[in-house]
Novice: 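Can you keep this structure in mind? I'll have questions shortly.
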Amino acid sequence: RALGVCRNMAPMAPEFRGVRRIVLSIMALSCLASIAGAATPRDDVVTLTEMGELPLDEDGHLQDNWLFIPLDCADRPGGLQVPPPSSRAERKVGLLDVELAQVFGIYDMCPAAVTLGKGTAAEHLHVNIERFVGARDEFEGWLQARQQVEVGWCNYSPDTVKLFWVDSSNGKEIFQASIQVGEPHTHWRQVFMGHKFVLRSTHDKSVVMELVATTNEIRVIGRQGEVDENVKAKDRSKEIANTEIYEVKRSNNVKRTFTEHGFSKSRLPVDVYASMRTYYYNNRAHLAREEWGGKGVYVNWWESDPMFIPPPFALKHEWQQKLLPLAEEWIGGYELDITDMYGMRKYTDGAILIPHVDRQETHAVSMILNIDQSDDLEEPWMVKIQDHQTHEFVEVPMEAGDLLYYESAKCLHGRPEPLKGSYYVNLFTHYRPKNNPQWYKDKLATAPNENNEPVLLADLLADRGEDGAKVDMSKLTDGAADMLGHMTKHYNNVKETVVKHAETVAKHAEVVTKHVTKHAEVVSKHVSKHASKAANTIGDAGVAAASSVLGDQIQRVSDGMSNVSSKRNFRRKMGKHWWARWLGLAWLGDHPSFMITCIMVISLWACLSLTATGVSIVRRLTQSDDFKSRKDGDYSNGSYSNGSHDGIESSSSPGNRARKVVGGGLMGGGGG
């Protein structure tokens, strides 16, 4: 077309003919270059006819990030133009034939496109996708959002490191942040795929790490030190036993339950599981040892390394939002708030998780999500969880992709038997009732409101079989066997001590009962002696009424304590108060006869004190010569007049003090 235009141009002056030849030559070369470029296919744009043509790695996971466009929708009027590499960095383009377009749900749709992430497993290629169907002018913004990823750095090098973003236009390094040492200082950033980052040491400015962002990922800088041998050798059996008892108390503090049994197993939605598994696969080599020093003995971290892969914030929020309706449905439709997601935790061979409960403020309704487990497990690694109804521990096996609902602040749960395999990866997510951080104080229950009795790890291990079979110590790691041995020894010592003290308490109870019976007779004599004086003051009818009430109360206590349920309720109520535990009232609930004797002694002593006090007051008042004059307010010493009883006179006057006692205490009836 250009050559035709030039050919039809008007004749030019001779001095301009050379210029015309140069212009025509340049235009011809440009046309040829365009034709050659159109005929040459781009390396990063391929036509796909079947799923098997997608390049996978040796583990069967996708090697690259992809953008798929239906073949009949690409580069045609009304369709989508294949975006240039600058707007889709680190992402290849595939033009889908009819069959594949149907698999990805974009057949006979235009404009339409699909993105697929690096690391997706072969069985999840059709679900771990993000689909675009819309107006052509919206495609660029949609694709740009898909190009955003979140990258994190956790620093375990000796020094603080500095993070720089590299400007691709000029190669200049632009400072972004200083990253301190330790997991709490993990630094996350929202970036675009293709962005390059450099981390430099603050000590000598040397390059510590370089990274080109291609997917959501976490990177660990440096290497953590090994656990000290002295720390590994420390005897923790007592700490473990105390922790177990403490966890039972924490479970008893939670008054509200939501479901009949407190737990239930299901499967993760396939799209959520595909996303979680993809993130784990892409970061399976970017592990840090979970920081447990000073945080307790819930995991045997001194023997088996618990590894940690934290997900980025945006991805966690996306997962939690998708799982929220499932949690609300499980508890009967209660609205929930998202509180926390923890993990991914990778347990290794020999790992143990002692029975415990989670934080009561935030972990009302929770899920255990099994992301992956090694193929060499000798047996399923059971989670043991306490049933609301029976208080028995139930074993629950899990496979990759399983979801276990559980009320984690109420139900004791753990994995007390050592893991027999290379690894086991879990993720934990938590919710609580909407706008109710004090939910655990609500007395709404679907299960019996009875407190747990302490259950030690040794009990759980010994209860594997009904015949009392013990754990085969030969199959445990040396460290796990030593720990179980220490715990069993400590547990036996605790049992022996309890039995010994129980015998001593029973012996002393008998002695106390004899003394109480002996002194009760003396107290009874004293009460009879002063009863006549009391009758003069409060009347025979009052004494008879008091005796009747006291007898009824003692009989009621006796009848109530003979009932097993009443004893249990009394022990539970008394166990809530520190003063009741200190006075031994919970123990008295199991010994009603001794308790009734104590109540009788205390009641008789109270009657004696009341009688003596009443007789003393009456005698003092009736024997006073000037009682009547005090009653009328007439004092001979002139310090108090009949017109000064309204309290205007000085309170230091003896008459004024007497007036206050008589008028406010005995005569007025308003004191006490």
Side-chain angles (χ1 to χ4, degrees), residues 154 182-184 224-229 231-248 250-251 287-310 340-359 363 366-374 377 380-386 393 395-396 398 404 406 408-409 411-430 455-458 460-461 471 476-487 490:
C154 182
E183 187 272 334
Q224 294 168 275
E226 299 296 328
V227 178
D228 187 84
E229 292 299 326
V231 174
K232 291 182 178 180
K234 181 181 177 182
D235 180 12
R236 292 179 172 81
S237 57
K238 184 176 181 180
E239 186 178 359
I240 290 172
N242 290 338
T243 299
E244 291 169 344
I245 296 173
Y246 170 69
E247 291 301 311
V248 171
R250 292 181 62 208
S251 173
L287 297 164
R289 187 171 62 247
E290 193 174 6
E291 297 181 9
W292 269 97
K295 296 181 181 178
V297 291
Y298 298 95
V299 176
N300 58 333
W301 51 269
W302 59 94
E303 295 177 318
S304 175
D305 288 335
M307 308 306 290
F308 195 62
I309 308 174
D340 192 20
M341 176 174 275
Y342 187 81
M344 302 172 176
R345 179 187 289 161
K346 183 177 183 179
Y347 300 94
T348 55
D349 187 39
I352 289 175
L353 181 66
I354 69 172
H356 66 284
V357 291
D358 297 339
R359 290 199 303 270
H363 294 38
S366 305
M367 301 180 191
I368 299 175
L369 316 172
N370 185 227
I371 308 303
D372 195 18
Q373 50 186 267
S374 60
L377 292 184
W381 196 34
M382 301 289 189
V383 54
K384 289 195 173 186
I385 186 165
Q386 193 176 42
F393 279 83
E395 290 187 339
V396 182
M398 296 186 71
L404 180 65
Y406 67 125
S408 63
C411 293
L412 286 163
H413 57 279
R415 298 178 189 266
E417 297 178 16
L419 172 64
K420 299 176 182 179
S422 298
Y423 64 86
Y424 197 97
V425 183
N426 279 347
L427 181 64
F428 313 91
T429 185
H430 308 282
V455 180
L456 298 184
L457 182 58
L460 296 180
L461 294 174
V471 177
L476 303 181
T477 61
D478 293 339
D482 291 341
M483 185 184 72
L484 292 177
H486 285 306
M487 286 190 295
H490 178 72

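Residues take their numbers from the sequence shown, with the count starting at 1. Hydrogens, waters and symmetry mates are skipped; everything else that's a heavy atom, side chains included, is used.
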Novice: Tell me, do V231 and R236 make a side-chain contact under 4.5 Å, heavy atoms counted?
Specialist: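 They are in contact (side-chain heavy atoms under 4.5 Å apart), so the answer is yes.
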
Novice: For G296, does its backbone N or O pair with a side-chain atom of W301 as donor and acceptor, under 3.5 Å?
Specialist: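 Answer holds: yes.
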
Novice: Just do the side-chain contact (heavy atoms from CB on, under 4.5 Å) check on V227 and R289 with the steps written out, would you?
Specialist: CA-CA 10 Å; V227 178; R289 187 171 62 247; 4.2 Å; yes

Novice: Provide the closest heavy-atom pair for V357 versus H413 in the form atom of the first, atom of the second, distance.
Specialist: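 Of all heavy-atom pairs spanning V357 and H413, the closest is CA-CE1, 3.9 Å.
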
Novice: Minimum heavy-atom separation for S374 to G421, with atom names?
Specialist: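 Shortest heavy-atom contact: OG-C, 4.1 Å.
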
Novice: Say you draw a straight line from CD of E417 to CG of L353; how long is it, rounded to the nearest 0.5 Å?
Specialist: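 Reported value, rounded in 0.5 Å steps: 12.5 Å.
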
Novice: Would you say the side-chain atoms of D235 pair up with the backbone N or O of S237, donor to acceptor, closer than 3.5 Å?
Specialist: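 Checking the backbone N and O of S237 against the side chain of D235, a donor-acceptor pair under 3.5 Å is found.
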
Novice: Can you say whether the rings of Y298 and H356 are parallel (under 30°), tilted (30 to 60°) or perpendicular (over 60°)?
Specialist: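 Y298 and H356: perpendicular rings.
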
Novice: Measure across P416 and K384 and return the closest heavy-atom pair with its distance rounded to 0.1 Å.
Specialist: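 Looking at all heavy atoms of both residues, the closest pair is CG-CD, 3.8 Å.
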
Novice: Which distance, rounded to the nearest 0.5 Å, do you find between the CG of N300 and the CH2 of W292?
Specialist: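 CH2 of W292 is found 10.0 Å from CG of N300.
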
Novice: Output yes when a side-chain donor or acceptor of S251 lies under 3.5 Å from a complementary backbone atom of L412, and no otherwise.
Specialist: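 No, the answer is negative, given that no donor and acceptor are paired below the 3.5 Å cut-off.
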
Novice: Hey, could you give me the OH/CG distance between Y424 and L419, rounded to the nearest 0.5 Å?
Specialist: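 Those atoms lie 8.5 Å apart.
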
Novice: Check whether Q373 reaches the backbone of M398 with its side chain - one donor and one acceptor, N or O, closer than 3.5 Å.
Specialist: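 Indeed, once roles are kept as given, a pair shorter than 3.5 Å links the two residues.
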
Novice: Please report the C-alpha distance between M367 and T429 in whole Å, then the side-chain angles of each, then the deciding distance to 0.1 Å, and finally whether the side-chain contact (heavy atoms from CB on, under 4.5 Å) criterion is met.
Specialist: CA-CA 5 Å; M367 301 180 191; T429 185; 3.6 Å; yes

Novice: Any non-hydrogen side-chain atom of R359 less than 4.5 Å from a side-chain atom of D340?
Specialist: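 Result yes, sub-4.5 Å side-chain heavy-atom pair found.
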
Novice: Quick check for you: to the nearest 0.5 Å, what is the distance between E290 atom CD and Y342 atom OH?
Specialist: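 Going from CD on E290 over to OH on Y342, the span is 3.5 Å.
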
Novice: What's the shortest heavy-atom distance between C411 and Q386, and which atoms?
Specialist: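 Answer, listing the atom of C411 first, then Q386: SG-O, 3.6 Å.
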
Novice: Looking at every non-hydrogen atom in both residues, tell me the closest pair between R250 and D358 and how far apart they are.
Specialist: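 So the two residues come closest at NH2-O, 3.1 Å.
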
Novice: I would like to know whether N370 and L404 meet side-chain contact (heavy atoms from CB on, under 4.5 Å); could you show each step before the answer?
Specialist: CA-CA 9 Å; N370 185 227; L404 180 65; over 6 Å; no

Novice: Using side-chain heavy atoms (C-beta onward) and a distance below 4.5 Å, is P184 in contact with E291?
Specialist: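 Answer yes - side chains close enough.
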
Novice: When you measure from the side chain of T348 to the backbone N and O of D305, does any donor-acceptor pair fall under 3.5 Å?
Specialist: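 Answer holds: yes.
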
Novice: Return the CZ to CD1 distance between R345 and I368, rounded to the nearest 0.5 Å.
Specialist: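 Output value for this atom pair is 10.0 Å.
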
Novice: Between W381 and R415, is there a side-chain heavy-atom distance shorter than 4.5 Å?
Specialist: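 SC-SC contact between R415 and W381 confirmed.
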
Novice: Please report the C-alpha distance between F308 and E183 in whole Å, then the side-chain angles of each, then the deciding distance to 0.1 Å, and finally whether the side-chain contact (heavy atoms from CB on, under 4.5 Å) criterion is met.
Specialist: CA-CA 10 Å; F308 195 62; E183 187 272 334; 4.1 Å; yes

Novice: Can you give me the closest heavy-atom contact between S304 and A351, atom names plus distance?
Specialist: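 Nearest heavy atoms, S304 then A351: OG-N, 3.5 Å.
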
Novice: Are the side chain of T243 and the backbone N or O of E239 linked by a donor-acceptor pair below 3.5 Å?
Specialist: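 Yes.
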
Novice: Sequence neighbours excluded, which residues qualify as side chain to side chain contact (heavy atoms under 4.5 Å, CB included) partners of L287?
Specialist: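 L287 satisfies side chain to side chain contact (heavy atoms under 4.5 Å, CB included) with M307, I309, K346 once adjacent residues are dropped.
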
